[in-house]
Amino acid sequence: MLGGVITFFLLKGVKLPYPLAALIAVLMVVLIGFAMHLSILYPLRKASILILIMATLGASIFLSSTSGLLFGTLPKTLPPFSSEGPLQLGKSPFPLRVSGSCYPPLYY
């Protein structure tokens with residue numbers, strides 16, 4: 001969810017090309033995940049599994065709510081990644097178009 005929202009923001013707000021926006025979004029999500037690991041999970045490495053699950057759920061709710069506040073809660077649709085036909089590997093076609101929406105759910 002976070003990668004899609006960041007990609008959408010970089011495409012529409014900053015006006016970056018799609019491949020660059022996707023790459024930056026992946027790198028940002030990796031950095032956010034690493035920061036979450038260092039700040040939340042690593043200090044709790046000796047805690048019970050229930051505490052780890054609760055901390056992870058809390059971080060997930062925090063990230064979803066924060067992205068909803070920053071980017072809005074309306075559905076956002078990414079444009080197609082490629083305008084060409086499907087990629088053919090042998091006899092199997094793999095469509096390159098990504099359809100769907102990326103929006104952060106808000107938890108109350």
Mind listing the side-chain donor-acceptor pairs of residues 22-47 below 3.5 Å, one per line with the distance, residues two or more places apart or on another chain?
| unit_1 | atom_1 | unit_2 | atom_2 | d |
| --- | --- | --- | --- | --- |
| Ser39 | OG | Ala35 | O | 2.8 |
| Arg45 | NH1 | Tyr42 | O | 2.9 |

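- Of the possible polar contacts, one joining the Ser67 side chain to the Ser64 backbone as a donor-acceptor pair under 3.5 Å is found.
- In this structure, CD1 in Ile53 is found 13.0 Å from OG in Ser60, a value given to the nearest 0.5 Å.
- Remark: side-chain polar atoms of Lys15 are not paired, donor with acceptor, to backbone N or O of Gly13 under 3.5 angstrom.
- Leu50 shares a hydrophobic cluster with Met54; the chain of contacts runs through ILVMFWY side chains whose heavy atoms sit under 4.5 Å apart.
- Within the 4.5 Å cutoff, no side-chain heavy atoms of Phe9 are placed close to those of Leu70.
- Taking each heavy atom of Thr7 and Tyr18 in turn, the nearest pair found is CG2-CE2, 4.0 Å.
- How far NZ of Lys12 is from CZ of Phe71: 15.0 Å, rounded to the nearest 0.5 Å.
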